[in-house]
There are 2 protein chains.
Amino acid sequence: MTLLRAESLSAGHLEVWRMLQRAQVRITRHLEGELLGAHDLPPASYDVLAHLAGAPGRRLRMNDLAERVLLSRSGLTRLVDRLQRDGLVMREACADDARGLYAVLSDRGADRLAEATPTYLRGVGMFLARLDEEDLARVPALLAKVGDLGSAPEPAEQVDPLAPGRPVPGLSAAP
Amino acid sequence: MTLLRAESLSAGHLEVWRMLQRAQVRITRHLEGELLGAHDLPPASYDVLAHLAGAPGRRLRMNDLAERVLLSRSGLTRLVDRLQRDGLVMREACADDARGLYAVLSDRGADRLAEATPTYLRGVGMFLARLDEEDLARVPALLAKVGDLGSAPEPAEQVDPLAPGRPVPGLSAAP
DNA sequence: AGGACGTTGTTGCACGGACATCTAACAGTG
DNA sequence: CACTGTTAGATGTCCGTGCAACAACGTCCT
């Protein structure tokens, strides 16, 4: 019995997954340090401000915003609470839907965003600058394959879970 | 004045960063649901068990382990507390270093890992199966560029932070 | 020996996020 | 119109994580 049974899930896939985690965590950590240190602004807050700034009328429905910044609705509620407390955003009622709320970027919020953006870009660039033009052409297509659909193409054939004494799938062994 | 001043940090880089975040979050969320639902095992715990299983003697120093599973030492301390409470790992003193501790995979831990591994692989595969052989050959090199070194190749030239009324760098605009 | 300094692992603390639950407001039905 | 179901946000509560501080040990130097 082979360790890997089909092409559907090779060691390569797991390798990619591990690297993806590492990359994301490292960039996030670095970015958090920089943003927090230089502007007292957590990355999640930056994301909110940035998305608002990019939205028409500098406003977004809470629900929309939550989806875009990859946060639960409750999580966004608290986050916007903080941002509102600091005067970076405000909440405004929605005309056509009485239960709807807009999170609106304030002028102070826009200023803070403008201040922090160079730091943000520098932080991201520190890692991603190594990608050349050619890479930039390829990667989005790849990541789109990975991140866009959670639906199963096929049930993905199994792998022999643990051969005794053998390294576990999903890991580079330490021999 | 152009929006992007140098090639060092283009909109493409930010696009990649966004997609990287999305991919990682989506996979993680899905995986967490599956692992938790089917085996009552958080992803972080799975990671620890898997790394231990792949290590010689099924054991790893706490510090080593923390680095590998991308956790702070304190975070790992608590996590191993839980795993030990559930009998999945045990702590053993280190012979040659009196302050060292090994986290050791127990038999129960190995069993749980074996049970959960198919779920884990299926969960990852559900997203990554879309990558073909050719992709698998390319991606690791790309992610290595991104995730391996946090040191700056160069200070990464700046970007014009915010043109008024324009979408913020780092975002796909909503026109 | 004996200190200065770094390392290893644990703890107090606070923060941030998710889940479940709640209320208010829509939308559709009889 | 009441009746049912769904959606938008806000809260109570719990849990996991990181940071700073700490104790114990190791290392190196003089």
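Here is the naming used below: chain letters follow the sequence lines, and residue numbers restart at 1 for every chain. Side chains are part of it too, since the values below use all heavy atoms of this structure and drop only hydrogens, waters and symmetry mates.
Salt bridge B:D47/A:R18: present, at least one basic N to carboxylate O contact under 4.0 Å.
Taking atom CG of residue A:L71 and atom C1' of nucleotide D:dA10, one finds them 15 Å apart after rounding to whole Å. Atom CG in B:D81 sits about 12 Å away from atom C1' in D:dG16, given to the nearest Å. The separation between A:E92 atom CD and D:dG9 atom C1' is 16 Å, rounded to whole Å. Rounding to whole angstrom units, CG of residue A:D64 and C1' of D:dA8 are separated by 11 Å. A straight line from CG of A:L76 to C1' of C:dC19 spans 16 Å, rounded to a whole angstrom. When the P atom of C:dT8 is taken as reference, atom CG of B:L60 falls 13 Å away, rounded to whole Å. Rounding to whole angstrom units, CD of residue B:E67 and C1' of D:dG18 are separated by 16 Å. We find that CG of A:L101 is positioned 12 Å from P of C:dA25, with the value rounded to whole Å.
Considering B:Q24, B:R26, B:E32 in turn, B:Q24 is the only one that fulfils the side-chain hydrogen bond (donor to acceptor under 3.5 Å, both in side chains) rule with B:T28.
Residues A:Y46 and A:T117 have side chains that bring a donor and an acceptor to within less than 3.5 angstrom of each other.
Side chains of B:L136 and A:V16 form a contact here, defined as non-hydrogen atoms less than 4.5 Å apart. Under the 4.5 Å side-chain criterion, counting only non-hydrogen atoms from C-beta, A:R59 is in contact with A:E92. When side chains are defined from C-beta on, B:T119 counts as touching B:R122, because their heavy atoms get closer than 4.5 Å. With a 4.5 Å cut-off on side-chain heavy atoms, A:L65 and A:L52 count as touching.
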Got a list of protein N/O to nucleotides 14-16 of chain C N/O distances below 3.5 Å?
residue : atom : partner : partner atom : Å
C:dG16  : O5'  : A:R82   : NH1          : 3.4

Nucleotide N/O to protein N/O under 3.5 Å, stretch nucleotides 24-26 of chain D:
residue : atom : partner : partner atom : Å
D:dC25  : O2   : B:R99   : NH1          : 3.3
D:dG26  : OP1  : B:A98   : N            : 3.2

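Interatomic distance, A:T77 OG1 to A:R82 CZ, rounded to the nearest 0.5 Å: 10.5 Å.
Each of A:G100 and A:S74 lies near DNA chain D, and the nucleotide nearest A:G100 is the one positioned closer to the 5' end.
Distance alone, capped at 3.5 Å, is enough to place a donor-acceptor pair between the B:S106 side chain and the B:L88 backbone.
In this model, the phosphate group of D:dG18 is approached by a side-chain N or O of A:R29 to a distance below 4.0 Å at OP1 or OP2.
Out of D:dG18, D:dG9, C:dT8, the shortest distance to the side chain of A:N63 is found at D:dG9.
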